[in-house]
Amino acid sequence: MKFARSLLLLSLVAACAPLSIYYRPGVSVARLDTDRTACEVSSLRDAPVANQIRENPPIFVPGRQVCVPNGACTTYPGYWRSGGFYTVDVNSGLRARLMDQCMGRKGYQPVTIPRCESAVAQAVPPGATKVLPKIDEKSCAVMNRDGTWQIVTTR
């Protein structure tokens, strides 16, 4: 039940998130995908995943005294608890910069396009963008259930 609620919350948050893509007007989405994949492979080759396991500092839980109504008290000593472990990919930032540089050399720039309001999304005929259109401050994106998207410019 808790997992289902978390999954629902994640899908609702994702439904509101803007579309972040690499953009170059007039390029087909198929070409964008090919260029992005080539840059991902190149970036991963030049800055491979390098996971490191790290530990959060331990947490001290202070002692406490518990007394019952008859006046008897028990003292529990303090103790240290593990802060937990986590994994960090130390190359992720470098890989992201390499990806941006590679896509920049191909003429793309990263853009974030807001989601269309529901009235706009419902008024647009269903479809998916095949060629990246010119965008401006009135452009928005409609996300399709199959993972594709449609860029719309309202007037």
Side-chain angles (χ1 to χ4, degrees), residues 1-62 78-155:
M1 182 71 158
K2 193 174 189 180
F3 175 74
R5 254 187 262 147
S6 297
L7 192 59
L8 177 61
L9 181 61
L10 279 174
S11 65
L12 288 174
V13 169
C16 299
L19 173 65
S20 293
I21 60 169
Y22 288 100
Y23 172 77
R24 189 172 103 195
V27 171
S28 73
V29 173
R31 174 65 186 262
L32 165 64
D33 289 342
T34 300
D35 289 342
R36 188 180 59 232
T37 299
C39 286
E40 286 171 344
V41 169
S42 172
S43 300
L44 189 57
R45 182 189 62 241
D46 294 343
V49 174
N51 286 336
Q52 290 182 355
I53 297 173
R54 298 190 177 168
E55 182 178 12
N56 287 314
I59 300 165
F60 182 73
V61 178
Y79 60 93
W80 289 94
R81 184 175 67 180
S82 169
F85 296 89
Y86 61 98
T87 303
V88 175
D89 177 1
V90 294
N91 278 347
S92 65
L94 174 60
R95 196 168 40 255
R97 288 192 308 275
L98 290 170
M99 179 73 179
D100 286 345
Q101 289 172 359
C102 179
M103 291 299 283
R105 283 191 301 274
K106 294 177 183 288
Y108 295 91
Q109 64 183 28
V111 296
T112 300
I113 303 170
R115 291 288 179 104
C116 294
E117 295 178 8
S118 61
V120 173
Q122 291 172 358
V124 174
T129 296
K130 301 289 184 207
V131 175
L132 295 176
K134 289 186 178 183
I135 58 173
D136 59 28
E137 65 280 346
K138 294 189 179 204
S139 297
C140 60
V142 176
M143 302 306 289
N144 299 320
R145 291 182 189 259
D146 63 358
T148 60
W149 36 265
Q150 183 176 9
I151 297 174
V152 177
T153 300
T154 60
R155 294 290 161 211

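Numbering of residues begins at 1 and proceeds along the displayed sequence. Everything quoted here is computed from the prediction, not taken from an experiment. Reckoned from all heavy atoms, side chains included, excluding hydrogens, waters and symmetry mates.
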Worksheet entry | Partners meeting side-chain hydrogen bond (donor to acceptor under 3.5 Å, both in side chains) with Arg54 (sequence neighbours left out) | Gln52
Worksheet item: Going through the checks in order, is the side-chain contact (heavy atoms from CB on, under 4.5 Å) test met by Arg95 and Asp46?
Response: CA-CA 8 Å; Arg95 196 168 40 255; Asp46 294 343; over 6 Å; no
N/O donor-acceptor pairs under 3.5 Å from side chains in residues 103-110, not counting sequence neighbours:
from   : atom 1 : to    : atom 2 : distance (Å)
Tyr108 : OH     : Asp35 : OD2    : 2.7

Response to the item:
In short, disulfide bond (SG atoms under 2.5 Å apart) pairs touching residues 87-129 with sequence neighbours left out are Cys39-Cys102, Cys116-Cys140
Discussion item. Could you check whether any side-chain heavy atom of Val88 comes within less than 4.5 Å of a side-chain heavy atom of Asn51, counting everything from C-beta outward?
Written reply: no
Worksheet, complete the sentence: When rounded to the nearest 0.5 Å, the distance separating CE of Met99 from OH of Tyr22 is 4.5 Å
Item to complete: Taking all non-hydrogen atoms of both residues into account, name the closest pair between Asn56 and Tyr86 and its distance.
Response: OD1-CE2, 3.2 Å
Worksheet item: Quick one: ring pair (Phe, Tyr, Trp, His ring centres under 6.0 Å) partners of Phe85, sequence neighbours excluded?
Response: none
Worksheet item: Taking only residues two or more places apart in sequence, or in another chain, which ones meet Asp33 in a side-chain hydrogen bond (donor to acceptor under 3.5 Å, both in side chains)?
Response: Arg36
Worksheet item: Which atoms form the tightest heavy-atom contact between Val131 and Val29, and what is the distance?
Response: N-CG2, 4.3 Å
Worksheet item: So, for Asn91 and Ala47, which heavy atoms are closest and what is the spacing to 0.1 Å?
Response: ND2-C, 3.9 Å
Item to complete: Could you note down all residue pairs passing side chain to side chain donor-acceptor pair (under 3.5 Å) where residues 116-138 supplies at least one of them, sequence neighbours left out?
Response: Asp136-Arg155
